[in-house]
Amino acid sequence: MMQRVMNMMVVTAVLLAGAGCVASQPQGKPLYDRLDGKGGITAVVETFVGNVGGDARINGYFASTDLAKLKIHLVNQICEASGGPCKYSGRTMKQTHAGMGVTDAAFGALVEDLVAALDHHKVGKAEKDELLGALGPMKSDIVERK
């Protein structure tokens, strides 16, 4: 159960990270650089995990999660997919979320917590749009119940 819960957070990172493959890169820099590298990504992940922990709509999914490991996985996923030097070796989102019964509402809550973390760290509109643009296509691999 703990691995599945931890992987739920990894999903968010993958959602974010997929945006690194988006063709448009304002200012000619990779998304990784525009997010202030690993330090900037780590700061957003710290805030995001705190937001999720305080969110009664979804924090039950993470009750027994090893938060230190979770943060490492999230940072590595976002770092790698946004063009940074890190490597993620986790399972696919479909594998990770199979049988968890993730609902549209839970997915939406997670996205709201992520947006709040991005806003807190004053991530630029172009970068935020690029990150969030990756969420739509992955939703079908995560949400099992509408």
Side-chain angles (χ1 to χ4, degrees), residues 4-63 65-97 100-146:
R4 285 183 138 193
V5 171
M6 188 167 81
N7 287 333
M8 174 75 170
M9 288 300 295
V10 173
V11 134
T12 303
V14 166
L15 295 174
L16 284 174
C21 300
V22 174
S24 166
Q25 292 187 349
Q27 305 159 6
K29 293 176 158 181
L31 180 59
Y32 175 79
D33 293 333
R34 290 181 284 127
L35 293 172
D36 293 329
K38 194 168 182 178
I41 292 168
T42 299
V44 169
V45 166
E46 285 283 339
T47 301
F48 172 63
V49 170
N51 291 349
V52 170
D55 190 339
R57 300 172 297 172
I58 57 174
N59 62 10
Y61 284 108
F62 307 97
T65 299
D66 180 335
L67 295 180
K69 283 185 179 181
L70 171 63
K71 291 174 186 177
I72 290 168
H73 286 300
L74 289 171
V75 168
N76 284 335
Q77 263 190 324
I78 296 169
C79 173
E80 178 181 20
S82 64
C86 309
K87 298 293 178 206
Y88 170 74
S89 60
R91 299 181 301 167
T92 68
M93 292 303 98
K94 194 160 208 65
Q95 291 168 330
T96 298
H97 296 89
M100 289 184 71
V102 176
T103 64
D104 276 329
F107 183 87
L110 198 69
V111 172
E112 288 175 22
D113 291 341
L114 174 59
V115 169
L118 294 167
D119 288 345
H120 176 80
H121 291 280
K122 298 178 176 35
V123 171
K125 181 176 179 354
E127 289 74 20
K128 189 178 353 179
D129 288 349
E130 192 171 334
L131 290 173
L132 296 175
L135 293 174
M138 293 187 165
K139 183 177 180 181
S140 63
D141 287 341
I142 298 165
V143 173
E144 292 181 324
R145 297 184 331 190
K146 305 262 182 226

For Ser82 and Ile41 the tightest heavy-atom approach is OG-CD1, 3.9 Å
So does Ala43 get a backbone contact from the side chain of His121, meaning a donor-acceptor N/O pair under 3.5 Å? yes
Of all the heavy-atom pairs spanning Glu46 and Lys71, show the shortest one and how long it is. OE1-NZ, 3.0 Å
Where do Tyr32 and Gly83 come nearest, in terms of heavy atoms and distance? CB-C, 3.9 Å
dist Glu144:CD -> Lys94:NZ (nearest 0.5 Å) comes out at 8.0 Å
Between the NZ atom in Lys122 and the CG atom in Asp36, the distance rounded to the nearest 0.5 Å is 13.0 Å
Point-to-point distance, once rounded to the nearest 0.5 Å, from CG of Asp55 to CG of Asp113: 4.0 Å
Take Leu70 and Leu67 through the test side-chain contact (heavy atoms from CB on, under 4.5 Å) and record every step on the way to the result. CA-CA 5 Å; Leu70 171 63; Leu67 295 180; 3.9 Å; yes
Compare every heavy atom of Leu31 with every heavy atom of Glu130, then report the nearest pair and how far apart it is. OE2-CB, 3.8 Å
I'd like to check the side chain to side chain donor-acceptor pair (under 3.5 Å) partners of Asp104; sequence neighbours left out, ordered by chain and number. Lys139
Of the non-hydrogen atoms in Asn51 and Ala116, which two are nearest, and what is the gap between them? ND2-CB, 3.7 Å
Under a 3.5 Å distance rule, please check whether Glu80 uses its side chain to pair with a backbone N or O of Tyr88 as donor and acceptor. yes
Check side chain to side chain contact (heavy atoms under 4.5 Å, CB included) between Asn76 and all other residues, then give those that pass, not counting sequence neighbours. Lys38, Ile72, Cys86
Compare every heavy atom of Phe48 with every heavy atom of Leu110, then report the nearest pair and how far apart it is. O-CE1, 3.5 Å
Any chance you could lay out the side-chain contact (heavy atoms from CB on, under 4.5 Å) test for Arg145 and Thr103, step after step, and finish with the verdict? CA-CA 5 Å; Arg145 297 184 331 190; Thr103 64; 3.1 Å; yes
Under the criterion side-chain contact (heavy atoms from CB on, under 4.5 Å), I'd like the reasoning laid out for Leu74 against Val49: C-alpha separation, chi angles, the key distance, then a yes or no. CA-CA 10 Å; Leu74 289 171; Val49 170; 3.8 Å; yes
Test salt bridge (Lys or Arg N to Asp or Glu O under 4.0 Å) applied to Glu112 - qualifying residues, sequence neighbours left out: Arg57
